[in-house]
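Notes follow the structure.
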Amino acid sequence: MIRVWSKDGKLLIKIKGHDKSVRSLCWSKDGAYIFSASRDMTIRKWQSIDGKELVVLRGHTNTIRSICLSPDERHLVSASDDRSVRIWDLKTNQQVGDPLLHDDELSAIAIPSDGRYIASAGLDKKIYVWSFEAALRHGGNQVRVCAYVTVVRIISNWPCMATHTPTGS
């Protein structure tokens with residue numbers, strides 16, 4: 001269940017619809033929509049004012065761990081335990097391009113404010129940085145960095161990202 005709270009702590013709405021636990025949320029810039037990803041292998045788009053379900057995106061074959069909207073809000077990107085990153089066209093509500101693959105389950109996805117890249121990280125101890133444009137054309141240029149990653153953050157307009165590596169890894 002998704003709960004939306006006011007800044008002063010008042011419960012505004014409860015949103016029900018996923019069959020299993022929700023793993024990731026993101027909001028549209030204007031706050032009109034909430035996107036959620038779940039262990040039920042779906043991504044859902046909701047009206048934030050009343051919790052009405054608008055769209056269900058299906059395609060992953062395992063838990064979806066992380067979702068992120070592109071800066072222009074035309075695409076949503078998802079990362080899953082099925083070892084794939086998928087790009088969704090929010091006009092057609094369909095997957096575009098081929099899945100971008102890792103060697104193990106994924107845990108995080110990020111897109112910088114310029115929207116040029118997708119960064120994904122997973123249990124394969126790698127961060128992949130994909131060209132968004134190339135990925136939309138059924139492929140992706142990737143840069144691989146080996147690290148056990150629990151947090152990924154792309155710093156706007158910097159050609160780098162921050163990662164966290166536990167001691168001893």
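Note that CD1 of Ile64 and CZ of Arg58 are 10.5 Å apart. Values are rounded to the nearest 0.5 Å. One finds the CG atom of Asp81 at 8.0 Å from the CZ atom of Arg23 (value rounded to the nearest 0.5 Å). If you take OG on Ser36 and CD1 on Ile43, they are separated by 8.5 Å, rounding to the nearest 0.5 Å. How far OG of Ser80 is from CG of Leu106: 7.0 Å, rounded to the nearest 0.5 Å. Once rounded to the nearest 0.5 Å, the distance linking OH of Tyr33 with CG of Leu54 reads 6.5 Å. Expressed to the nearest 0.5 Å, how far CG of Leu69 lies from NZ of Lys29 amounts to 9.0 Å.
Between His18 and Arg44 the shortest side-chain heavy-atom distance falls below 4.5 Å. Contact check for Ile15 versus Met1: no side-chain heavy atoms found under the 4.5 Å cut-off. Residues Arg116 and Glu133 fail the side-chain proximity criterion, which asks for heavy atoms closer than 4.5 Å. Using a 4.5 Å cut-off on side-chain heavy atoms (C-beta onward), His75 and Phe132 make contact. At least one side-chain heavy atom of His102 sits less than 4.5 Å from a side-chain heavy atom of Tyr128. In this structure, the side chains of Arg83 and Asp104 come closer than 4.5 Å at one or more pairs of heavy atoms. In this structure, the side chains of Trp88 and Val96 stay at 4.5 Å or more apart for every pair of heavy atoms. Using a 4.5 Å heavy-atom threshold, the side chains of Val85 and Val77 count as touching.
Following chains of ILVMFWY side-chain contacts shorter than 4.5 Å, one cannot reach Ile67 starting from Ile34, and the two form parts of different hydrophobic clusters. No continuous path of hydrophobic side-chain contacts links Val55 to Leu25 [ILVMFWY only; heavy atoms under 4.5 Å]. No continuous path of ILVMFWY side-chain contacts below 4.5 Å connects Ile2 to Phe35, so the two sit in separate hydrophobic clusters.
Not one N or O on the side chain of Ser84 forms a donor-acceptor pair closer than 3.5 Å with the backbone of Leu100. Panel note: side chain Ser6, backbone Lys10; a donor-acceptor pair is recorded below 3.5 Å. No donor-acceptor pair under 3.5 Å is formed between the side chain of Glu73 and the backbone N or O of Ser28.
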**Study point:** Candidate pair Ile87 and Gln95, rule side chain to side chain contact (heavy atoms under 4.5 Å, CB included), full reasoning
**Key:** CA-CA 6 Å; Ile87 303 171; Gln95 180 183 319; 5.9 Å; no
**Study point:** Working for side chain to side chain contact (heavy atoms under 4.5 Å, CB included), residues Ile13 and Asp50
**Key:** CA-CA 7 Å; Ile13 58 170; Asp50 59 7; 5.9 Å; no
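Nearest heavy atom pair, residue Ala79 against residue Ala108, reads CB-O, 4.2 Å. Here the shortest heavy-atom pairing between Trp130 and Ser120 reads NE1-OG, 2.9 Å. Ser66 approaches Ser107 most closely through the heavy-atom pair CB-O, 4.0 Å. Taking each heavy atom of Asp19 and Asp40 in turn, the nearest pair found is N-OD2, 2.9 Å. Between Ser48 and Trp27, the shortest heavy-atom contact is CB-CZ3, 3.5 Å. For the residue pair Ser38 and Ser21, the shortest heavy atom distance occurs at OG-O, 2.9 Å.
For Arg74 and Asp72, the salt-bridge test passes: some basic side-chain N is under 4.0 Å from an acidic carboxylate O.
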